[in-house]
Amino acid sequence: MKKNKTSHHSSQEEILPLEAFRKIAHNELLSLLQKASIEIIQQFIQLEVEELCGKVFSHKKNDLCHRGGSENGSIYIQGQKVPLRKPRVRKGNEELPLKSYKNLRKMDNISDRILNVLSAGVSSRKYEEVIEKLSEDAGLSKSSVSRQFILESRKKLDEFKNRKFENHKFFAVFIDGTNVGGQSIVTALGVDIEGNKHFLGFSEGSTENYEITKELLVSFRERGLKFTDKVIFILDGSGSLKKAIKEQFGDSAVIQRCTNHKLWNLLAKLPEKHHEECKLRYRRIFSCNEYSDAKEEYLGFETWLSRISYSASNSLKEAEYDLLTIHKIRMPVEMRKTFLTTNTIESGFSGPKSLMKRVKKWNLGTDMISRWVSVNLLYQEKRFRKINGVNKINIFLADFLEQQLDKKVAA
């Protein structure tokens, strides 16, 4: 497969060979758009012209058509006409219609394709390059594409903020903060009793603090989200997160600290020569099946830390036994890996963060960050799978609630 390249001063792009387009031409244009994205709209038209007329400046054969300049044309985006320069092809005195252009005019969901292209990153191309390419190929100005994306993404923001999850009940919630455009985004991801993962919402602020976490948790009640009698919260360790959760959920909340975050904190306080042994001892704790064994390993690790680093030892003690909650409540081994860390929420952000890093300027006085976050999290959510050990959830929840009843009776 050969690639044609533009000059060094312009962005490079892959051009699918004409033979491939001849094959694709027999399929629906929608299928082509799904696979190659909307950026090839104009490219598709030009390749059809090339098939009919030959390459520009090439020796023309008598049986080929010839180019007849171009004229104003249009495609439809959500029922609105958008201008497009349409090439003209003639054979003798007769003008030939272009099949690709005819098919494009039939499509009324191009705005959805633009939204998917922008939110998915278009094969890792920069956002700015996507806008430029769409402008060049689809006949849209940068500003019109931007306005279209703002319109569509704001709909996604409203959809995201107002989701009620009426048919779901959640037994676990991951909460973690991440930085987007210099702002702290505290995001909540819930796991329902069927093992499905859903982004429950996010709150934006200058720092990951108590107020924006409280705002997020209050929105759960306002939207009528349903939770089991006891809810497991998996946190990165921020005191503000824990305070807000305890205030809003009280004794219903059970806290599990992210084991990865705590390990990173410990390593940052230790000389490098102790890192490998630290990781080995630390991981040994969470490889235990029984809580009693995990606690014994934990205490041994705590003793070892106290001999080599006062600050690292204090950092571990700060977590108390929240690192062992999943063991203490006897969560099945098959499920534990998911609930020991906030990796689930971080993986959901990995694709969006990669794309959003390419945005050079965030308009902090607008809803720009919120719109991008909501669009991308909804996109990522569609790719989630059920948690591991999903067939153990009902048994675990029955045992978990029974443990809590036993505690009440004992009290």
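Heavy atoms only: backbone and side chains are in, while hydrogens, waters and symmetry mates are out. One-based numbering along the sequence shown.
Here the straight-line distance linking atom CG of Asn265 with atom OG of Ser315 works out to 5.0 Å at 0.5 Å rounding. The line from OG of Ser219 to CG of Leu200 is 8.5 Å long, rounded to the nearest 0.5 Å. Atom OG of residue Ser306 and atom CZ of residue Phe301 lie 10.5 Å apart, to the nearest 0.5 angstrom. From Met331, atom CE reaches atom CD1 of Ile326 across 4.0 Å, with rounding to the nearest 0.5 Å. Between the CG atom of Leu266 and the NZ atom of Lys279 there is a distance of 12.5 Å, given to the nearest 0.5 Å. To the nearest 0.5 Å, atom CD1 of residue Ile175 and atom SG of residue Cys258 are 13.0 Å apart.
The shortest side-chain heavy-atom distance between Thr325 and Val254 falls under the 4.5 Å cut-off. Looking at Phe384 and Asn196, their side chains never come closer than 4.5 Å, going by heavy atoms from C-beta outward. Contact annotation: the side chain of Val173 never approaches that of Ile234 to less than 4.5 Å [non-hydrogen atoms, C-beta and beyond]. At least one side-chain heavy atom of Asp176 sits under 4.5 Å from a side-chain heavy atom of His261. With contacts defined as side-chain heavy-atom distances shorter than 4.5 Å, the pair Arg90/Leu96 does not qualify. Using a 4.5 Å cut-off on side-chain heavy atoms (C-beta onward), Thr338 and Val191 make no contact. Between Lys246 and Ile255, some side-chain heavy-atom pair lies under the 4.5 Å cut-off. Here the side chains of Arg221 and Leu225 are not in contact, with every heavy-atom distance at 4.5 Å or above.
Remark: Lys169 NZ is loosely packed, at most 12 non-hydrogen atoms of other residues, nucleotides or ligands lying under 6.0 Å away. The environment of CD in Glu290 is sparse: at most 12 heavy-atom neighbours from other residues, nucleotides or ligands sit within 6.0 Å.
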| request: Would you check, one step at a time, whether the test side-chain contact (heavy atoms from CB on, under 4.5 Å) holds for Phe220 with Phe249? | output: CA-CA 11 Å; Phe220 294 172; Phe249 280 79; 4.2 Å; yes
| query | How far apart are the C-alpha atoms of Glu334 and Asn388, what are their side-chain angles, what is the distance that settles it, and do they pass the side-chain contact (heavy atoms from CB on, under 4.5 Å) test? | reply | CA-CA 6 Å; Glu334 296 90 337; Asn388 292 331; 5.7 Å; no
| message | Please determine whether side-chain contact (heavy atoms from CB on, under 4.5 Å) holds for the pair Ile245 and Val231, giving the CA-CA distance in whole Å, both sets of side-chain angles, and the decisive distance to 0.1 Å. | response | CA-CA 10 Å; Ile245 288 167; Val231 185; over 6 Å; no
| What's the verdict on side-chain contact (heavy atoms from CB on, under 4.5 Å) for Leu377 and Leu189, showing C-alpha distance, side-chain angles and the deciding distance? | CA-CA 10 Å; Leu377 292 186; Leu189 183 148; over 6 Å; no
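Judged by a 6.0 Å distance limit and a 45° cone about the ring axis, Lys328 is not positioned over the six-membered ring of Tyr321.
Ring geometry for His168 versus Phe165: interplanar angle over 60°, hence perpendicular rather than tilted (30 to 60°). Taking the six-membered ring where tryptophan is involved, the planes of Phe170 and His198 are perpendicular, since the angle between them exceeds 60° and thus also 30°.
Listed by first then second residue, pairs satisfying salt bridge (charged side-chain N to carboxylate O under 4.0 Å, His left out) with a partner in residues 299-320 read Arg257-Glu318, Lys262-Glu318, not counting sequence neighbours.
With hydrogens and angles ignored, the 3.5 Å screen pairs a side-chain donor or acceptor of Glu381 with a backbone N or O of Phe199. Checked by atom type and distance alone, the side chain of Thr259 never pairs as donor or acceptor with a backbone atom of Thr341 at under 3.5 Å. His274 places no side-chain N or O within donor-acceptor distance of the main-chain N or O of Ile308, the cut-off being under 3.5 Å. Within the 3.5 Å criterion, the main-chain N or O of Ile212 finds a donor-acceptor partner in the side chain of Ser203. In terms of modelled atom types and a separation under 3.5 Å, the side chain of Gln256 and the main chain of Leu323 share a donor-acceptor contact. Side-chain N or O atoms of Thr213 include none that pairs as donor or acceptor with a backbone N or O of Ala244 at under 3.5 Å. Under the 3.5 Å distance criterion, the side-chain polar atoms of Ser287 are matched with a main-chain donor or acceptor of Arg284. Judged by distance alone, the side chain of Lys243 and the main-chain N or O of Tyr210 form no donor-acceptor pair under 3.5 Å.
Between Phe171 and the choices Phe339, Phe233, Phe227, the ring-ring contact (aromatic ring centres under 6.0 Å, His included) rule is met once, by Phe339.
Of all heavy-atom pairs between Gly201 and Leu216, the closest is C-CD1, 3.5 Å. Closest non-hydrogen pair, Cys53 versus Arg67, comes out as CB-NH1, 3.5 Å. Residue Arg223 comes nearest to Arg163 through the heavy atom pair NH1-O, 2.8 Å, listed as atom of the first residue, atom of the second, then distance. Scanning both residues, Phe400 and Ile329, for their nearest heavy atoms gives CE1-CG2, 3.6 Å. Taking every heavy atom of both residues into account, Ile345 and Phe174 meet most closely at CD1-O, 3.7 Å. Minimum interatomic distance between His327 and Cys288 (heavy atoms only, all atoms of both residues): NE2-O, 2.8 Å.
Lys242 and Asp322 are joined by a salt bridge, as a carboxylate oxygen and a charged side-chain nitrogen come within less than 4.0 angstrom of each other. Salt-bridge annotation for Glu277 and Arg281: present, with a side-chain N of the basic residue lying under 4.0 Å from a carboxylate O of the acidic one. Using a cut-off of 4.0 Å between Lys/Arg side-chain N and Asp/Glu carboxylate O, Arg88 and Glu95 are scored as salt-bridged.
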